[in-house]
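For ligands, and for the atoms within them, numbers begin at 1 and follow the listed sequence. Predicted model, so just to flag it, every value in this text is computed and none were measured.
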Amino acid sequence: MDSRTKGKTVMEVGGDGVAVITLINPPVNSLSFDVLYNLKSNYEEALSRNDVKAIVITGAKGKFSGGFDISGFSEIQKGTMKEPKVGFISIDIITDLLEAARKPSVAAIDGLALGGGLELSMACHARISTPGAQLGLPELQLGVIPGFGGTQRLPRLVGLTKALEMILTSKPVRAEEGHSLGLIDAVVPSAELLTTARRWALDIVERRKPWITSLLKTDKLPPLGEAREILKFARGQTRKQAPNMKHPLMCLDALEMGIVSGPRVGLEKEAEVGSQVISLDTTKGLIHVFFSQRGTVKVPGVTDRGLMPRKIKKVAIIGGGLMGSGIATALILSNYPVILKEVNEKFLEAGIGRVKANLQSRVRKGSMSKEKFEKTMSLLKGSLDYESFRDVDMVIEAVIENISLKQQIFADLEKYCPQHCILASNTSTIDLNKIGERTKSQDRIVGAHFFSPAHVMPLLEIVRTNHTSAQVIVDLLDVGKKIKKTPVVVGNCTGFAVNRMFFPYTQAAMFLVERGADPYLIDSAVSKFGMPMGPFRLCDLVGFGVAIATATQFIENFPERTYKSMIIPLMQEDKRAGEATRKGFYLYDDKRKAKPDPELKKYIEKARSISGANVDPKLVKLSEKEIIEMTFFPVVNEACRVFAEGIAVKAADLDIAAIMGMGFPPYRGGIMFWADSIGSKYIYSRLDEWSKTYGDFFKPCAFLAERGSKGAPLSAPVEQARSRL
Ligand SMILES: CCC[C@H](O)CC(=O)SCCNC(=O)CCNC(=O)[C@H](O)C(C)(C)COP(=O)([O-])OP(=O)([O-])OC[C@H]1O[C@@H](n2cnc3c(N)ncnc32)[C@H](O)[C@@H]1OP(=O)([O-])[O-]
């Protein structure tokens with residue numbers, strides 16, 4: 001392969017008259033323009049050769065194709081690549097050359113056919129797949145739409161309702177389901193895939209199998225009136241679930257056009273819309289997230305040293321509380337044998353009970369069988385001492401945030417665990433150097449910061465100190481992957497990356513309320529912006545105990561920029577501590593439904609009188625845009641500090657940390673990406689102005705001041721960061 005080209009296809013013509021075209025573009029045989037143009041010329045050759053009767057398309061190394069090369073979208077967005085004529089790939093090549101050819105084609109699908117990969121296969125005249133292969137159109141998840149004919153062919157092959165489900169949820173189906181849906185013609189073992197596909201192709205030539213043109217099928221489509229109703233419902237749902245995104249509705253437009261005016265017009269509409277969506281801001285954000293998420297496991301100086309992860313055969317967890325039991329659940333779900341240690345029988349029983357309950361809820365929902373439940377639970381053993389720790393490869397401490405307790409635990413661990421054992425702490429705020437102060441094992445001490453509930457939340461902050469060895473990080477990255485978490489490697493400091501960003505967010509909200517802003521309007525504006533809930537609803541959910549404990553750590557460590565509000569402590573004093581007590585910023589009914597509480601005013605007024613703050617008429621009447629700026633620009637400011645200090649190595653890691661740890665909307669690309677879309681100059685000027693009026697909480701950090709003064713992007717690499725790593 002030429003080093004400048006991205007992928008290719010090769011064609012081999014067999015003595016049976018079947019030309020096998022193989023897509024080759026590791027690792028997932030994505031359809032780059034090079035692959036697509038190669039495919040076109042192979043196809044033209046196959047059609048012109050007299051010794052070719054039929055064509056089979058397949059992918060190299062057990063994968064059909066992961067779809068269009070997503071980096072192509074980024075290049076089109078940046079203007080470094082020119083988009084081909086609208087419809088050139090989907091109409092000229094895939095429809096007019098491939099599907100309308102006078103020689104039949106069969107797709108031989110191994111492993112996966114996603115996005116453009118599945119679309120290419122749907123233009124073939126039959127599809128043979130191996131068991132378990134994944135088939136899907138996940139384009140909406142990336143902010144684009146199925147643009148190689150998927151909006152037209154999928155409903156014609158599987159019916160409108162199923163096609164909408166697959167497209168709108170971006171979820172793939174397995175080959176077996178694909179077979180029952182009519183998407184796949186036969187499922188055969190891997191070893192028989194090519195021979196079956198070849199034979200099938202020749203059978204089509206000989207008219208022993210039907211020659212099906214997916215685009216012209218109509219039998220699975222509902223009558224027009226019914227189709228319109230189904231689409232209307234889908235639009236309503238989409239508007240509700242993704243109110244800030246245009247591309248899903250644009251995708252539905254293309255789909256509807258094909259049903260109402262015929263597939264050719266539908267294809268044209270799809271091509272037109274497909275080209276338009278590439279430049280949407282939300283699409284830019286989602287594509288950035290796709291690559292950033294995969295980039296978190298690439299840690300300079302760690303993962304580029306050729307280290308192989310060691311096998312972790314057994315894990316011990318200390319503490320069976322909410323976090324410890326959640327972590328244990330995540331591990332046994334991925335087949336790691338786990339020892340759960342507690343201080344007494346009662347706590348141990350409660351911890352194991354929590355793990356059980358976590359799994360039972362899966363059984364209740366039907367996502368886990370009873371047998372699997374028993375098998376998974378059998379991986380968990382309880383313990384009251386360290387004797388069983390003698391052969392563990394990793395320990396995760398998850399006890400309460402108490403430094404001396406943690407120091408004692410780590411000193412004990414050093415005595416009982418084998419020399420190679422990784423000693424991890426799930427602390428969310430405490431300095432890891434302090435935790436390991438009483439050991440000589442600093443090189444194997446690392447933070448494994450999970451988010452609650454640990455078996456559900458997708459993020460794992462891996463915290464390294466100056467002493468943590470690269471091998472330990474590589475090992476933990478591997479565990480993270482196996483338990484299906486997105487790991488982000490960060491440096492050691494109070495709050496690490498996520499909690500440091502979270503803190504100014506809630507503080508800004510408290511500040512605004514003390515100055516007269518309406519908390520419910522703040523929550524509503526923040527939810528509309530795309531957060532799963534506003535800061536006040538979130539405080540209620542997390543509970544005021546946690547909020548106060550975190551605040552204490554921040555006040556101690558960053559006093560100069562902490563806004564000290566008494567609202568939460570005052571409510572806590574009155575035993576309203578959030579959702580668990582049914583009262584916090586909201587009142588909660590039996591079904592945990594939140595409703596505003598007029599009594600809240602009383603606490604706000606009291607807090608205001610303690611802090612000496614005055615109602616500020618300007619802040620009482622903030623627009624939604626201003627609310628977003630005043631709550632999120634302080635977050636950007638803190639993210640800049642985290643980046644400048646080298647706590648995060650890449651700005652993109654902070655984007656992922658914000659999305660997966662805080663719930664920042666992915667279609668805004670993450671905190672730094674979003675900030676850059678607004679511009680450092682503007683953010684700096686707003687914070688600077690507020691800091692002059694309202695104090696140091698808003699004061700822009702030196703990094704932001706420097707970049708803001710030049711209007712430079714905040715996400716550009718830090719040249720000489722005072723790296724703590
Ligand atoms: C006009 C166009 C119309 C068309 O309808 C649009 C599309 O098809 S849109 C596309 C619709 N398709 C999709 O949305 C599918 C997107 N992909 C996936 O969902 C998963 O990657 C997949 C399930 C395939 C493999 O999961 P896994 O085994 O956990 O592995 P992994 O996830 O870690 O990825 C390994 C490496 O492959 C890379 N890479 C992967 N796919 C692509 C791609 N299409 N392109 C480029 N690169 C891609 C990925 O970046 C990573 O690179 P690196 O340098 O090693 O970091």
Report every pair formed by an N or O atom of ligand 1 and a protein N or O atom separated by less than 3.5 Å, giving atom names and the distance to 0.1 Å.
{"residue": "ligand 1", "atom": "5 (O)", "partner": "Glu119", "partner atom": "OE1", "Å": "2.5"}
{"residue": "ligand 1", "atom": "5 (O)", "partner": "Glu139", "partner atom": "OE2", "Å": "2.6"}
{"residue": "ligand 1", "atom": "5 (O)", "partner": "Gly147", "partner atom": "N", "Å": "2.9"}
{"residue": "ligand 1", "atom": "8 (O)", "partner": "Phe68", "partner atom": "N", "Å": "2.8"}
{"residue": "ligand 1", "atom": "8 (O)", "partner": "Gly116", "partner atom": "N", "Å": "2.7"}
{"residue": "ligand 1", "atom": "12 (N)", "partner": "Gly66", "partner atom": "O", "Å": "2.9"}
{"residue": "ligand 1", "atom": "32 (O)", "partner": "Arg294", "partner atom": "NE", "Å": "2.7"}
{"residue": "ligand 1", "atom": "32 (O)", "partner": "Arg294", "partner atom": "NH2", "Å": "3.2"}
{"residue": "ligand 1", "atom": "44 (N)", "partner": "Gly66", "partner atom": "O", "Å": "3.1"}
{"residue": "ligand 1", "atom": "44 (N)", "partner": "Phe68", "partner atom": "O", "Å": "3.0"}
{"residue": "ligand 1", "atom": "45 (N)", "partner": "Ile70", "partner atom": "N", "Å": "2.9"}
{"residue": "ligand 1", "atom": "54 (O)", "partner": "Lys298", "partner atom": "NZ", "Å": "3.2"}
{"residue": "ligand 1", "atom": "56 (O)", "partner": "Lys298", "partner atom": "NZ", "Å": "2.6"}

Inset, instruction - Sorted by first residue and then second, give each salt bridge (charged side-chain N to carboxylate O under 4.0 Å, His left out) pair with at least one member in residues 288-309; sequence neighbours left out. - result: none

Legend entry - Salt-bridge criterion met for Asp281 and Lys246 (N-O under 4.0 Å): no

Inset, instruction - In plain terms, say whether Arg153 and Glu99 are close enough for a salt bridge, that is, a side-chain N and a carboxylate O under 4.0 Å apart. - result: yes

Inset, instruction - Applying ring pair (Phe, Tyr, Trp, His ring centres under 6.0 Å), name anything that partners Phe451, two or more places apart in sequence or on another chain. - result: His449

Legend entry - Nearest-0.5 Å distance, CE of residue Met660 to CG of residue Leu460: 11.5 Å

Return a table of donor-acceptor pairs under 3.5 angstrom between the side chains of residues 157-167 and protein atoms on other chains or two or more places apart.
{"residue": "Lys162", "atom": "NZ", "partner": "Glu165", "partner atom": "OE2", "Å": "3.1"}
{"residue": "Lys162", "atom": "NZ", "partner": "Glu177", "partner atom": "OE2", "Å": "2.9"}

